[in-house]
Colleague: 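One structure coming up, written as structure tokens, with questions to follow.
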Amino acid sequence: MCGIAGIVNLSNKQLDTKKNIKLMTDTIRHRGPDGEGFLFCNESESIPVGGNETPTNVYESNLPFTPKKNIENLSSDYSLAFGHRRLSIIDLSTAGHQPMCSPDKKLWITYNGEIYNYIELREELKVKGYQFYTNTDTEVILNAYIEWGSDCLNKFNGMWAFVIYDRSKSELFGSRDRFGVKPFYYYKDDDVLAFASEQKALVKLPFVKTGINPKAVFDFFVKGEIEYDEEGMFKNILELFPSYAFTFNIKTKELRKWKYYSLAINEQYESFNEVKFNEVSKHTKELLENAIALRLRSDVPVGSCLSGGIDSSTIVGITNYLLSKNGSINVDDKLKVFTASFKDKTYDESHWAKLVVDSTNSQWHQIFPSSSELLKDLENLIYSQDVPIWSTSTYAQYRVMQLAKQSGIKVVLDGQGGDELFAGYDTYNIANWIEVLKNKEWKQLRNESKGNFNLFIRHYLRFYGIKKLSSQTQSSIYKKYFAGIQYLNKDFWNNHKSQLSSEGVFENSLNKTLYNEFYNTRLKGYLKCEDRCSMWHSVESRTPFADDINLIEHVFKLPGTYKIHNNTNKYLLRESAKDFIPAAIKNRKDKMGYVTPNNQWIAEMKDSLKDLFDDKLKEYVNINLLQKDYDNFFSLTGKVDTGRIFKFISFAQWVKNFNL
């Protein structure tokens with residue numbers, strides 16, 4: 001788990017690759033404080049170099065990719081540079097240093113992530129005659145690429161973003177994992193191609209032409225979308241989407257991208273069958289065990305996040321079960337679990353988390369975030385995320401990861417993706433009801449709605465019906481009913497209101513709806529926050545529900561009938577995990593998520609935030625109206641937390657952080 005960066009000079013202009021690749025890796029140092037490494041290439045040579053934070057024993061090693069000198073002593077400028085920041089997780093020795101190369105030095109890689117099935121792949125490659133000189137998954141990727149080419153991606157179970165430089169082809173080959181757990185951003189113009197794990201590393205480059213992307217700002221404020229398009233909040237900085245790979249020919253400057261993976265889903269309706277469900281549940285249980293067992297592979301101690309919801313409780317419960325079978329799992333003396341707690345019981349899930357702690361005899365660590373701490377951390381929180389965020393919930397996650405680091409844990413498992421995989425949100429009931437209704441299963445519809453048919457109608461109209469209206473009609477509805485819209489600049493609103501889509505957000509099947517949540521929408525946004533919160537604190541977060549390909553493919557091949565049954569969300573997960581979690585957790589219906597005392601926090605912070613709202617925002621925000629209505633704007637007492645006020649706060653802080 002690390003941070004990666006790269007620069008390719010495509011012209012005769014002096015780009016000072018040495019200075020700028022170091023600037024990039026310094027900017028993302030938090031992703032890998034355990035070491036740094038660089039590669040510099042031109043047509044005649046490839047030189048691995050280190051830095052002041054490259055461990056001494058790396059310089060003293062004798063491997064093909066051992067740094068020959070310190071970057072400070074590199075005199076010439078080079079046309080290609082790779083950078084790497086290391087967080088040591090697998091093979092803590094010097095052999096884990098990057099950039100790494102093949103024995104013949106024709107292939108070089110900079111890589112971020114974990115290929116959890118690397119042990120099995122290594123054995124498969126050994127049978128084919130490959131020799132291995134390290135115990136890293138990085139070397140497995142290199143040899144897999146040599147053996148299978150770009151098809152090697154289909155072999156990987158895990159999370160990744162990497163770039164391989166093939167000297168013989170004068171070509172880069174890069175890829176990102178199937179569902180977007182690990183990030184990858186790039187910038188390209190006629191003079192340069194640059195890539196990095198985080199946008200901030202690209203923003204720092206003097207030759208990157210960027211700024212605020214108004215379209216993305218509108219989508220953020222009005223549609224609640226972050227990074228749904230390739231071009232996100234920063235103009236001209238693009239995201240390589242999940243499931244995509246690319247090649248870049250350095251000589252012809254041709255960039256070719258393609259989608260290497262498509263998730264197959266079952267859209268056929270099927271009546272619930274108890275016998276089949278029992279078989280399905282048994283297999284799901286086995287896949288859950290295997291997914292978590294793979295993600296416990298680590299040469300440093302592993303912990304787990306624990307909210308008290310069914311997703312994180314399942315992970316902790318299965319981890320505890322696996323520990324009882326395999327004493328070699330690295331958890332230190334006992335499994336450490338981390339929970340965000342609140343004094344206000346309205347938002348606190350500690351009593352649920354404690355049930356799991358007591359049943360697994362885990363070592364419990366709690367953090368109690370407050371508004372004063374959020375105010376103090378606001379600048380770092382938004383900077384860590386690269387872009388504005390929706391909610392103060394991200395701060396709770398940020399503090400949990402900080403707590404893990406303070407407790408000496410570099411790897412945690414987390415339940416991100418469980419809701420999108422197993423249908424955990426109440427709004428998914430709409431898709432389920434529509435599917436049942438479409439197939440004229442009247443008795444089943446009664447069982448699923450449980451007398452909540454009026455709720456069905458309201459949800460349908462709110463989340464589906466409005467999307468079928470014209471953009472002009474939608475615009476009127478948004479302006480009338482969605483709090484905060486009036487504080488957007490009028491011209492900004494009028495120039496972008498046509499972006500309101502006429503497409504429905506709910507499909508005619510539950511699985512299709514979940515599929516849409518998995519790709520480039522809700523889940524990817526949550527995974528972005530997961531990555532930035534954990535890596536800001538130099539912690540690797542592993543998400544079995546979001547990247548275990550065997551589990552995900554299995555669940556999406558099942559009819560939606562088995563995911564929501566008799567008005568019970570996550571029915572399949574509840575039944576599959578019941579042997580590992582307390583009965584009260586299995587039967588729990590009061591889903592909360594990562595909730596915080598948002599309204600109280602904002603009210604307590606408002607007087608300290610006023611200076612954030614200045615004329616730098618006037619192109620997007622009606623500053624005069626907001627300042628005039630400031631107290632009313634921040635008045636949220638007794639109101640439902642929509643997250644809209646925090647959007648304004650985080651946007652203002654983002655503009656300030658990056659001086660946009």
Side-chain angles (χ1 to χ4, degrees), residues 277-278 280-293 295-296 302-326 329 331 333-342 344-368 396-397 400 403-404 409 412-419 421-426 542-545 551 555 562-595:
F277 176 77
N278 289 336
V280 162
S281 178
K282 180 181 178 182
H283 187 43
T284 304
K285 176 183 177 182
E286 294 169 353
L287 289 171
L288 285 167
E289 289 180 37
N290 185 66
I292 292 168
R295 282 153 186 81
L296 291 172
V302 178
S304 182
C305 300
L306 176 63
S307 68
I310 190 170
D311 300 331
S312 60
S313 298
T314 295
I315 289 172
V316 173
I318 292 179
T319 299
N320 181 62
Y321 167 74
L322 293 170
L323 280 168
S324 69
K325 292 176 58 181
N326 182 1
I329 294 174
V331 296
D333 294 333
K334 58 169 62 176
L335 180 65
K336 295 179 180 178
V337 297
F338 305 95
T339 304
S341 302
F342 303 98
D344 188 335
K345 299 304 178 185
T346 307
Y347 308 99
D348 188 55
E349 294 186 88
S350 298
H351 59 293
W352 295 109
K354 189 175 187 303
L355 290 175
V356 179
V357 170
D358 290 344
S359 68
T360 59
N361 193 31
S362 299
Q363 187 180 114
W364 196 18
H365 298 258
Q366 292 175 270
I367 192 71
F368 292 83
Q397 186 179 45
V400 164
L403 179 63
I409 293 294
V412 294
L413 272 63
D414 204 356
Q416 205 69 262
D419 287 310
L421 182 60
F422 289 102
Y425 296 116
D426 286 342
R542 299 177 172 183
T543 53
F545 298 124
L551 175 65
V555 174
Y562 299 116
K563 297 168 191 177
I564 300 177
H565 180 59
N566 288 343
N567 202 35
T568 301
N569 293 71
K570 288 185 178 173
Y571 189 74
L572 175 60
L573 179 59
R574 292 173 193 271
E575 294 300 319
S576 301
K578 64 184 179 183
D579 291 340
F580 307 112
I581 58 178
I585 299 291
K586 182 243 179 187
N587 297 319
R588 185 183 171 190
K589 294 291 185 73
D590 62 329
K591 179 177 177 58
M592 294 176 68
Y594 246 116
V595 295

Colleague: If you draw a 6.0 Å radius around CG in Asn278, do more than 12 non-hydrogen atoms from other residues or ligands fall strictly inside?
Modeller: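 Yes, CG of Asn278 has more than 12 neighbouring heavy atoms, counting only those of other groups under 6.0 Å.
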Colleague: Would you call Trp352 and Asp590 a side-chain contact if the rule is heavy atoms closer than 4.5 Å?
Modeller: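 Sidechains of Asp590 and Trp352: in contact.
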Colleague: Which pair of non-hydrogen atoms, one from Asn320 and one from Ser359, has the smallest distance, and what is that distance?
Modeller: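 The pair with the smallest heavy-atom distance is ND2-O, 4.3 Å.
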Colleague: I'd like to know whether Thr568 forms a side-chain contact (heavy atoms from CB on, under 4.5 Å) with Lys589, so could you lay out the CA-CA distance, the side-chain angles of the two residues, the decisive distance to 0.1 Å, and finally the verdict.
Modeller: CA-CA 8 Å; Thr568 301; Lys589 294 291 185 73; 3.5 Å; yes
Colleague: Just do the salt bridge (Lys or Arg N to Asp or Glu O under 4.0 Å) check on Lys586 and Glu575 with the steps written out, would you?
Modeller: CA-CA 8 Å; Lys586 182 243 179 187; Glu575 294 300 319; 2.9 Å; yes
Colleague: Work out which heavy atom in Val595 is nearest to a heavy atom in Tyr347; give both atom names and the distance.
Modeller: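 Looking at all heavy atoms of both residues, the closest pair is CG2-O, 3.6 Å.
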Colleague: If you measure only the distance, is there a donor-acceptor pair under 3.5 Å linking the side chains of Ser350 and Asp348?
Modeller: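 Yes - a donor-acceptor pair under 3.5 Å links their side chains.
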Colleague: Kindly write out the residues that satisfy side chain to side chain donor-acceptor pair (under 3.5 Å) with Asp414, not counting sequence neighbours, or none if the list is empty.
Modeller: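 Asp414: no side chain to side chain donor-acceptor pair (under 3.5 Å) contacts found.
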Colleague: Going from CZ on Arg295 to CD1 on Ile318, what distance comes out if it is rounded to the nearest 0.5 angstrom?
Modeller: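 Interatomic distance, Arg295 CZ to Ile318 CD1, rounded to 0.5 Å: 12.0 Å.
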Colleague: Give me the atom names and distance for the closest heavy-atom approach of Trp364 to Thr339.
Modeller: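 Closest approach of Trp364 to Thr339, heavy atoms only: NE1-OG1, 2.8 Å.
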Colleague: Under the criterion side-chain contact (heavy atoms from CB on, under 4.5 Å), I'd like the reasoning laid out for Asp311 against Gln416: C-alpha separation, chi angles, the key distance, then a yes or no.
Modeller: CA-CA 8 Å; Asp311 300 331; Gln416 205 69 262; over 6 Å; no
Colleague: Assess whether side-chain contact (heavy atoms from CB on, under 4.5 Å) is satisfied between Ile310 and Ile581, documenting all intermediate values.
Modeller: CA-CA 8 Å; Ile310 190 170; Ile581 58 178; 4.0 Å; yes
Colleague: Quick check: do Leu551 and Leu421 have side-chain heavy atoms less than 4.5 Å from each other?
Modeller: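 Leu551 reaches Leu421 side chain to side chain.
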Colleague: Do you know the tightest heavy-atom contact between Tyr571 and Tyr562?
Modeller: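 In this case the closest contact between Tyr571 and Tyr562 is CB-O, 4.0 Å.
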Colleague: How long is the straight-line distance from OG of Ser313 back to CD1 of Ile585, given to the nearest 0.5 Å?
Modeller: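 Ile585 CD1 to Ser313 OG: 4.5 Å, rounded to 0.5 Å.
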Colleague: Before you tell me yes or no, could you show the steps for Val400 and Val412 under side-chain contact (heavy atoms from CB on, under 4.5 Å), namely the whole-Å CA-CA distance, both residues' side-chain angles and the distance that decides it to 0.1 Å?
Modeller: CA-CA 10 Å; Val400 164; Val412 294; over 6 Å; no
Colleague: Anything under 30° is parallel, anything over 60° is perpendicular, the rest tilted; go ahead and classify Phe422 against Phe545.
Modeller: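 If you compare the ring of Phe422 with that of Phe545, the planes turn out perpendicular.
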Colleague: To the nearest 0.5 Å, how far apart are NE2 in His283 and CG in Leu288?
Modeller: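 Taking NE2 in His283 and CG in Leu288, the distance rounds to 10.5 Å.
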Colleague: When rounded to the nearest 0.5 angstrom, what distance separates CG in Leu296 from CG in Asn326?
Modeller: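 It comes to 9.0 Å.
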Colleague: Minimum heavy-atom separation for Gly303 and Leu335, please, with both atom names.
Modeller: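 Scanning both residues, the minimum pair turns out to be CA-CD1, 4.0 Å.
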Colleague: Provide the closest heavy-atom pair for Cys305 versus Val316 in the form atom of the first, atom of the second, distance.
Modeller: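 Scanning both residues completely, I find the closest heavy atoms to be O-CG2, 4.1 Å.
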